[in-house]
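All ligand and atom numbering here is 1-based and tracks the order in the structure. Predicted model only: the values in this text are computed from it and were never measured.
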Amino acid sequence: MQTIILLGAPGAGKGTLAERVRDVAHYTHVSTGDMLRAAVKAGTPTGLEAKRYMEAGELVPDAVIMRLVEERLARDGDGKYMFDGFPRTDAQAVMLDEVLARAGAKVDKVFLLDVPQDVIVGRISGRRVCRKCGAVYHVANIPPKVEGVCDQCGGELYQRADDCEATVLNRLEVYNRQTAGLIDFYNKKGVLVRIDASASPKATADAMLELLG
Ligand code: AMP
């Protein structure tokens, strides 16, 4: 089993980067945000519980997240995993280490996506997501061929409710308060790699793929 993590503020480009790395290097992309949005859409008990936290830009409780991740790993088994938006707290990182240790595995590399805060706000406010397949676009930086329509599956593109300006500022604050400490956590383990993610998605993906070898 191989595990890599994409760490970075909301809007740093984790989802876009993950799509490219998944397609080229064949990692299983595990985005807890995508899993939660699917649960909200399907109206499952997890979705109902998670919705209010997500709408406020707050973190969903660790126990809910760990249950989702453990179920996913149990279902998909041994493989190459790329976590996106997980872990987001010290407790999640410690629990992930325990789950992996039980499978005889560990976190192999953590990519920290470095992006200045002003770039982040612009990226989030222009972000559009496919309702059907979750592909990520940006009105200026990664426009779809036809406005409002997904290039990959023809699905409708929409703006996430939590991408509005008021929620974005809270999500950035939550990142600084609850997630940024993971930089130190993984740095101490010697698995942290910083990549400049302020350039184009392609340049960032190429840099990451080179590091993955
Ligand atoms: P994302 O798509 O990664 O930006 O996640 C969207 C929202 O889902 C976040 O603002 C949180 O409310 C929730 N969420 C996603 N992943 C996690 C996680 N690992 N821990 C707690 N909450 C999460």
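- Against a heavy-atom cut-off of under 4.0 Å, Gly85 is close to the following atoms of ligand 1: 16 (N), 17 (C), 18 (C), 19 (N).
- By the criterion of a heavy-atom distance under 4.0 Å, neither the backbone nor the side chain of Gln178 is placed next to ligand 1.
- The part of Glu58 lying near ligand 1 is the backbone, judged by heavy-atom distances below 4.0 Å.
- Where the criterion is an N or O separation shorter than 3.5 Å, residue side chain and backbone included, Pro87 fails it with respect to ligand 1.
- Ligand 1 has no nitrogen or oxygen under 3.5 angstrom from a nitrogen or oxygen of Asp84.
- Nearest protein heavy-atom contact of atom 13 (C) of ligand 1 is Leu36 CD1, 3.5 Å.
- For the residue pair Asp62 and Ala91, the shortest heavy atom distance occurs at OD2-CB, 3.4 Å.
- The side-chain heavy atoms of Leu96 and Phe86, taken from C-beta on, include a pair separated by under 4.5 Å.
- In summary, the side chains of Asp108 and Gln2 do not present any donor paired with an acceptor at a separation below 3.5 Å, with no hydrogens or angles considered.
- For the pair Lys14 and Asp84, the salt-bridge criterion is not met [side-chain N within less than 4.0 Å of a carboxylate O].
- Remark: minimum distance from atom 16 (N) of ligand 1 to any protein heavy atom is reached at Thr32 OG1, 2.8 Å.
- Residue contact check for ligand 1: Arg160 places a non-hydrogen atom closer than 4.0 Å to it.
- Under 4.0 Å from ligand 1, heavy atoms of Leu59 appear from its side chain as well as its backbone.
- Close contacts between ligand 1 and Ile65 involve ligand atoms 17 (C), 18 (C), 19 (N), 20 (N), 21 (C), 22 (N), 23 (C) [criterion: under 4.0 Å to a heavy atom].
- A salt bridge links Arg177 to Glu173: one of the charged nitrogens lies within less than 4.0 Å of a carboxylate oxygen.
- Here the shortest heavy-atom distance to atom 1 (P) of ligand 1, taken over Gln92, Arg88, Arg171, belongs to Arg88.
- Note: an N/O pair closer than 3.5 Å links Arg37 and ligand 1 by distance alone.
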- Audit row: Glu55, Asp162, side-chain contact (heavy atoms from CB on, under 4.5 Å) steps and yes/no: CA-CA 6 Å; Glu55 281 175 351; Asp162 62 347; over 6 Å; no

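- Exactly one of Lys189, Arg102, Lys106 qualifies for a salt bridge (charged side-chain N to carboxylate O under 4.0 Å, His left out) with Asp97. That residue is Lys189.
- Looking at Asp23 and Arg20, no side-chain N of the basic residue comes within less than 4.0 Å of a carboxylate O on the acidic one, giving no salt bridge.
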- Message: Using salt bridge (charged side-chain N to carboxylate O under 4.0 Å, His left out), reason through Arg171 and Asp163 one step at a time and then give a plain yes or no.
- Response: CA-CA 9 Å; Arg171 284 163 62 206; Asp163 277 351; 3.0 Å; yes

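- Nearest to atom 22 (N) of ligand 1 among the protein's heavy atoms is Val60 N, 3.1 Å.
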